[in-house]
Chemist: 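Can you read through this structure? Questions will come right after.
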Protein chains: 2
Amino acid sequence: MSLRHAILGFLSLRPMSGYDLKKAFDESVGHFWTADQAQIYRALARLVDDGHVEVRTVEQTGRPDRREHRITEAGLRELDGWLTGAAEPRPMREPFLLKIFFAGRLAPDDLKAVLTRHVDTERRRLETLTGLADGLGRLLAGRDIDLPQRLRLATLDNGIRHTRTEIEWADALLEQIDPPSRPDR
Amino acid sequence: MSLRHAILGFLSLRPMSGYDLKKAFDESVGHFWTADQAQIYRALARLVDDGHVEVRTVEQTGRPDRREHRITEAGLRELDGWLTGAAEPRPMREPFLLKIFFAGRLAPDDLKAVLTRHVDTERRRLETLTGLADGLGRLLAGRDIDLPQRLRLATLDNGIRHTRTEIEWADALLEQIDPPSRPDR
DNA sequence: GACATGTATATGTGCCGTCATATATAGTCG
DNA sequence: CGACTATATATGACGGCACATATACATGTC
């Protein structure tokens, strides 16, 4: 569902080919959304069928021709409807919490290992995200940041906050199940 | 993928029918995992094929017969492998962040409305979760809580923390884009 | 008496996503 | 020279998941 709307979102910024879109997804929303290449092309075909997008072939020399997709008026209306509309109820699925829910049968050391590995993964993710944020921060330093840019930064901030929360939670849980031994009073 | 493992998790606690499993999903992990009824039956069939689960029909009078599923030794090994194994790289997909990413084209009031509605939704979710936690807290008050129970509470705590984080983030963003007017000095 | 709800299992259909693969050319690296 | 990467689009196969629907009986409600 959302994939088509995401594509409309990108096409509202500028006309793009499927190839462009794949790069745009990976480079700009990659930290919270992944899109499969094959699926992008199929979604584009569907958007054209629905009249939300128009295509024209741009011939190129030395490289394959591009199929440039441009959003239509109907497509813009559809996009705005999605943007302002209610959130489609997304099915929550947290595989890691599922593991924790059933991890009572594990040996304590195995459980600790699972949690420690999780913290490591999340720490690495946090570094990636703060790295991205720092990079953008330096790039934009001084200038006044407009609303669209501010919103893009906000999506990054969201990831950073949730990653920090996840690390804090896992650390707290680790301490709970494996209290650091204390000298008796 | 995870659905079969989640089912193995439940069956490691006690033998269950598909109907039991559906209720177990909705009642105990419903706040972070949803499972479709049809999919549960298909997953069970597959688990039986793979030798991870055994079935026997329990005849009942006055109500339909139950097909009781019991985890096998191979199933337990599979479960433990999943529990201790590396997290399968789950594709991140945050539809709301996608909206925010493209929401720069909205009129400021529409954007504020989207964010405000989101905060409301998350606040309601927070109330649900804290309600659940309080209920469990009262139920377990005084007794000593064993590890499996502690882990189940931890999954709830995870949801509460992330929901709080989401609310804080959205509130901060709202203030950023709509600074409360201040009297001039 | 009709209708809804609970118990219980199962199939059909269609969408979406992932992975593999095909095709064609230009440039780069060892 | 051969292998790999980048540019660019497209299809086939397969699996998971959601939603609708079917069946059957008991009990509770208006």
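Letters A, B, ... are given to chains in the order of the sequence lines, protein chains preceding strands, and every chain is numbered from 1. Keep in mind that what you see is a predicted model, and the values were worked out from it rather than measured.
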Chemist: Measure from CG on B:D26 to C1' on C:dG6 and round the result to the nearest Å.
Modeler: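 To the nearest whole Å, that distance equals 14 Å.
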Chemist: Strictly below 4.0 Å, heavy-atom distances to any atom of DNA chain D: list the hits from residues 32-49 of chain A, or just say none.
Modeler: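 Heavy-atom cutoff 4.0 Å gives A:Q37, A:A38, A:Y41, A:R42.
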Chemist: Partners of B:E73 by side chain to side chain contact (heavy atoms under 4.5 Å, CB included), sequence neighbours excluded?
Modeler: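 Residues passing side chain to side chain contact (heavy atoms under 4.5 Å, CB included) with B:E73: B:L76, B:R77.
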Chemist: Output the distance between atom CG (B:L173) and atom CG (B:L111), rounded to the nearest 0.5 Å.
Modeler: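 Nearest 0.5 Å value for the CG-CG distance: 7.0 Å.
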Chemist: What's the spacing between A:D171 CG and A:E166 CD if we round to 0.5 Å?
Modeler: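 These two atoms lie 10.5 Å from each other.
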Chemist: Could you state the interatomic distance from NZ (B:K99) to CG (B:L115), rounded to the nearest 0.5 Å?
Modeler: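 Spacing of NZ (B:K99) from CG (B:L115) equals 11.0 Å.
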Chemist: So how far is it from A:R150 CZ to B:Q176 CD, rounded to the nearest 0.5 Å?
Modeler: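 It comes to 5.0 Å.
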Chemist: Tell me whether the rings of A:H118 and A:F96 are parallel (<30°), tilted (30 to 60°) or perpendicular (>60°).
Modeler: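 Rings of A:H118 and A:F96: parallel, under 30°.
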Chemist: Does A:R46 pair with A:D50 as a salt bridge, N-O distance under 4.0 Å?
Modeler: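 A salt bridge is present here (some side-chain N lies under 4.0 Å from a carboxylate O).
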Chemist: Using 30° and 60° as the class limits, which term best fits the ring planes of A:F102 and B:F10: parallel, tilted or perpendicular?
Modeler: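 Because their plane-to-plane angle is over 60°, the rings of A:F102 and B:F10 count as perpendicular.
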Chemist: Under 3.5 Å, side-chain donor or acceptor atoms of residues 20-27 of chain B against the rest of the protein: list the pairs with distances, not counting sequence neighbours.
Modeler:
| residue | atom | partner | partner atom | Å |
| --- | --- | --- | --- | --- |
| B:D20 | OD1 | B:R66 | NH1 | 3.4 |
| B:D20 | OD2 | B:S17 | N | 3.0 |
| B:D20 | OD2 | B:S17 | OG | 3.1 |
| B:D20 | OD2 | B:R66 | NH1 | 3.2 |
| B:D20 | OD2 | B:R66 | NH2 | 2.8 |
| B:K22 | NZ | B:D26 | OD1 | 3.3 |
| B:K22 | NZ | B:D26 | OD2 | 3.4 |
| B:K22 | NZ | B:A35 | O | 2.7 |

Chemist: Which of residues 51-65 of chain B have a heavy atom under 4.0 Å from DNA chain C?
Modeler: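 Those residues are B:Q60, B:R63, B:P64, B:D65.
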Chemist: Under a criterion of less than 4.0 angstrom to any heavy atom of chain A, what are the 5'-terminal and 3'-terminal contacting nucleotides of DNA chain D?
Modeler: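 The contact span of chain A on DNA chain D goes from D:dA6 to D:dA18.
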Chemist: Quick check on contacts: within residues 12-22 of chain B, what sits under 4.0 Å from DNA chain C by heavy-atom distance?
Modeler: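 Nucleic-acid contacts, sorted: B:S17, B:G18, B:Y19.
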Chemist: Check each of B:D157, B:T163, B:N158 against B:R161 using the side chain to side chain contact (heavy atoms under 4.5 Å, CB included) test, and report the only one that passes.
Modeler: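 Among B:D157, B:T163, B:N158, the one meeting side chain to side chain contact (heavy atoms under 4.5 Å, CB included) with B:R161 is B:D157.
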Chemist: Any link between B:Y19 and B:I40 through a network of hydrophobic side chains (Ile, Leu, Val, Met, Phe, Trp, Tyr) touching at under 4.5 Å?
Modeler: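 Looking at the clustering, B:I40 is in a separate group from B:Y19.
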Chemist: Report the distance from atom CD of A:E88 to atom C1' of C:dC15, rounded to the nearest whole Å.
Modeler: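 Between C1' of C:dC15 and CD of A:E88: 14 Å.
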Chemist: Flag the pair B:R56 and B:E68 as a salt bridge only when some basic side-chain nitrogen lies within less than 4.0 angstrom of an acidic carboxylate oxygen.
Modeler: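 Yes.
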Chemist: Judged by each residue's nearest nucleotide on DNA chain C, which is more toward the 5′ side, B:H69 or A:L3?
Modeler: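 Mapping each residue to its closest nucleotide by heavy atoms, the 5'-most match is B:H69.
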Chemist: Whole Å only: how far is the NE2 atom of A:H5 from the P atom of C:dC16?
Modeler: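 Rounded to the whole Å, the gap is 11 Å.
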Chemist: Can A:D146 and A:R152 be counted as an ion pair, charged N to O under 4.0 angstrom?
Modeler: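 A salt bridge is absent here (no side-chain N lies under 4.0 Å from a carboxylate O).
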